[in-house]
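Residues: numbered from 1 along the sequence shown. Source: prediction; values computed, not measured.
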Amino acid sequence: MDDYVYKFDTIRDLLRYAITSFSDAELHFGHGTDTPLDEAVYLICYQLGLPSEQFDHFLDARLTKKEVIKLHDLINLRVSSRKPAPYLTNEAWLYGFKFFVDERVIIPRSHIAELLVGGLTPWISYPQNIHNILDLCCGSACLAIIAAENFPNAVVDATDISQTALDVAKINIENYHLSDKITLYHGDLFASLPKEKKYDIIIANPPYVSASKMKNLPPEYLAEPKCALASGAKGLDHITDILQSVGKYLSNRGLLFMEIGSSSELMEATFNKHPFTWINTPTNENTVLMLESGGIPEN
């Protein structure tokens, strides 16, 4: 038995060890947690099957040697691999929704989810009147699933250029028993969609990382699929393609909701003929835009 097993007795001991290890290694967060403490609590609760909201009640609980070994190994794996925690646990949480994830997909963290759980209020007055929704660059299908759950009368089409990402999306759709409401399409943006179909809502969280920023991403983000992040020299390649074609797919009063990262000023300068509405929430500012079908300039 390794000597380290005898150094840890309680959950508090492992929590302290994890926080110190994560801080010393200068890990990066942002895949569901924001600090070494939050990350340590998440991994400990996952490994021991504890409810995170009651974590403080278990701090002085004694651990078995087997539990110490598993926790110690998981904490060290997070440090040595520099993989985001959701890739180690194969789960990601987004506004109360749990999704299966692995290295085939980007880890769910879109601000659009925050809008969807609120029914896109106040831009959508009657969710029951929404019948067709499109999710571009769907990845794990997290946004498609949240949309399907919050718009009861809607069917959702979801596209992605990565077939392996769609394989993960299928797992999540089946886990939520939504195969009858969500249809997956393999292709680049709109390419594989029915040509004449119109959508009341189009949501998109496309790649938007510029070439210079890609070079400086920490290992945690480089562990994600490059095709889900990189979008040309300025980070606008996919956004440009979407804006050039989206008018053909929106219904007469349709709305586009798109996440664009920290490029709001560049967007305003590049697409100055587009009357964007910037949507701010308690957790984000100027990272999600809305565009009405009537406001899209002709090419």
Side-chain angles (χ1 to χ4, degrees), residues 4 8 10-56 58-59 61 63 66-114 139-143 145-146 162 164-165 167-169 171-172 175-176 205 209 214 216-229 259 261 283-284:
Y4 72 78
F8 305 106
T10 65
I11 290 176
R12 189 186 300 273
D13 295 335
L14 265 299
L15 177 66
R16 184 170 56 247
Y17 172 74
I19 293 172
T20 300
S21 298
F22 296 165
S23 298
D24 289 348
E26 298 182 345
L27 301 186
H28 285 261
F29 308 100
H31 294 94
T33 63
D34 297 313
T35 67
L37 170 61
D38 292 341
E39 186 99 327
V41 170
Y42 167 70
L43 288 175
I44 291 172
C45 287
Y46 167 80
Q47 187 64 64
L48 297 178
L50 298 177
S52 59
E53 63 273 12
Q54 299 176 8
F55 181 74
D56 289 349
F58 298 95
L59 279 172
L63 297 168
K66 184 177 181 180
E67 288 172 333
V68 170
I69 292 171
K70 287 186 174 182
L71 273 173
H72 186 270
D73 289 349
L74 182 59
I75 292 165
N76 286 352
L77 180 60
R78 175 66 178 91
V79 172
S80 63
S81 71
R82 294 297 297 268
K83 290 183 179 181
Y87 284 160
L88 303 181
T89 63
N90 292 128
E91 68 174 33
W93 290 85
L94 191 62
Y95 290 95
F97 289 82
K98 178 183 176 181
F99 301 104
F100 171 83
V101 295
D102 60 23
E103 284 91 339
R104 291 174 289 179
V105 292
I106 191 172
I107 296 168
R109 55 184 179 273
S110 175
H111 293 295
I112 294 176
E114 183 177 3
S140 62
C142 58
L143 295 182
I145 288 169
I146 296 174
S162 168
T164 55
D167 292 340
V168 175
I171 293 171
N172 286 312
N175 286 344
Y176 277 93
N205 183 22
V209 182
M214 283 295 298
N216 295 313
L217 287 178
E220 284 84 353
Y221 288 90
L222 291 174
E224 297 181 289
K226 182 179 179 180
C227 67
L229 299 171
E259 186 163 337
T283 63
N284 86 94

What residue pairs, at least two apart or across chains, pass side-chain hydrogen bond (donor to acceptor under 3.5 Å, both in side chains) with a residue in residues 44-54? none
Which heavy atom of Asn90 sits nearest a heavy atom of Val101, and at what distance? ND2-O, 2.9 Å
In short, salt bridge (Lys or Arg N to Asp or Glu O under 4.0 Å) pairs touching residues 94-106 with sequence neighbours left out are Lys83-Glu103, Glu91-Lys98, Asp102-Arg104
Hey, are Ser81 and Tyr87 close enough side-chain-wise for a donor-acceptor pair under 3.5 Å? no
If only atom types and distance count, is the side chain of Asn172 paired as donor or acceptor with the main-chain N or O of Ser140 below 3.5 Å? yes
Hey, could you give me the CG/CD1 distance between Leu88 and Ile75, rounded to the nearest 0.5 Å? 11.5 Å
Determine, stepwise, if the pair Val209 / Tyr221 fulfils side chain to side chain contact (heavy atoms under 4.5 Å, CB included). CA-CA 11 Å; Val209 182; Tyr221 288 90; over 6 Å; no
For Asp38 and Thr35, work out which heavy atoms get closest and say how close. N-OG1, 3.1 Å
Roughly how far apart are Leu37 CG and Ile19 CD1, rounded to 0.5 Å? 4.5 Å
Let me confirm one number: the CZ-CG distance from Phe58 to Leu48, rounded to the nearest 0.5 Å. 9.5 Å
What is the distance from atom CG of Leu143 to atom CD1 of Ile112, rounded to the nearest 0.5 Å? 5.5 Å
How close do Ala169 and Gly139 get, heavy atom to heavy atom, and via which atoms? CB-O, 3.4 Å
Taking every heavy atom of Ala18 against every heavy atom of Ala40, the minimum-distance pair comes out as CB-CB, 3.6 Å
Of all pairs that satisfy salt bridge (Lys or Arg N to Asp or Glu O under 4.0 Å), the ones with a partner from residues 10-21, not counting sequence neighbours: Arg12-Asp60, Asp13-Arg16
Return the CG to CD1 distance between Leu94 and Ile107, rounded to the nearest 0.5 Å. 11.5 Å
Restricting to non-hydrogen atoms, name the atom on Ile44 and the atom on Leu14 that form the minimum distance, rounded to 0.1 Å. CD1-C, 4.2 Å
Would you say that Asn205 contacts Ile106 through its side chain, given a criterion of any heavy-atom pair below 4.5 Å between the two side chains? no
Hey, could you give me each pair passing ring-ring contact (aromatic ring centres under 6.0 Å, His included) that has a residue in residues 11-30? Not counting sequence neighbours. Phe8-Tyr17, Tyr17-His72
Set out, in order, the CA-CA distance, both residues' side-chain angles and the distance that settles side chain to side chain contact (heavy atoms under 4.5 Å, CB included) for Phe55 and Leu59, then state yes or no. CA-CA 7 Å; Phe55 181 74; Leu59 279 172; 3.5 Å; yes
Counting C-beta onward and ignoring hydrogens, is there a side-chain heavy-atom pair between Phe97 and Cys142 closer than 4.5 Å? no
d(Tyr176 OH, Phe99 CZ) to nearest 0.5 Å is 5.0 Å
Could you list the residues that satisfy salt bridge (charged side-chain N to carboxylate O under 4.0 Å, His left out) with Glu224, not counting sequence neighbours? Arg109
What residues form a salt bridge (charged side-chain N to carboxylate O under 4.0 Å, His left out) with Glu220, not counting sequence neighbours? Arg78, Arg82
Can you find a heavy atom in the side chain of Leu229 that is under 4.5 Å from one in the side chain of Leu217? yes
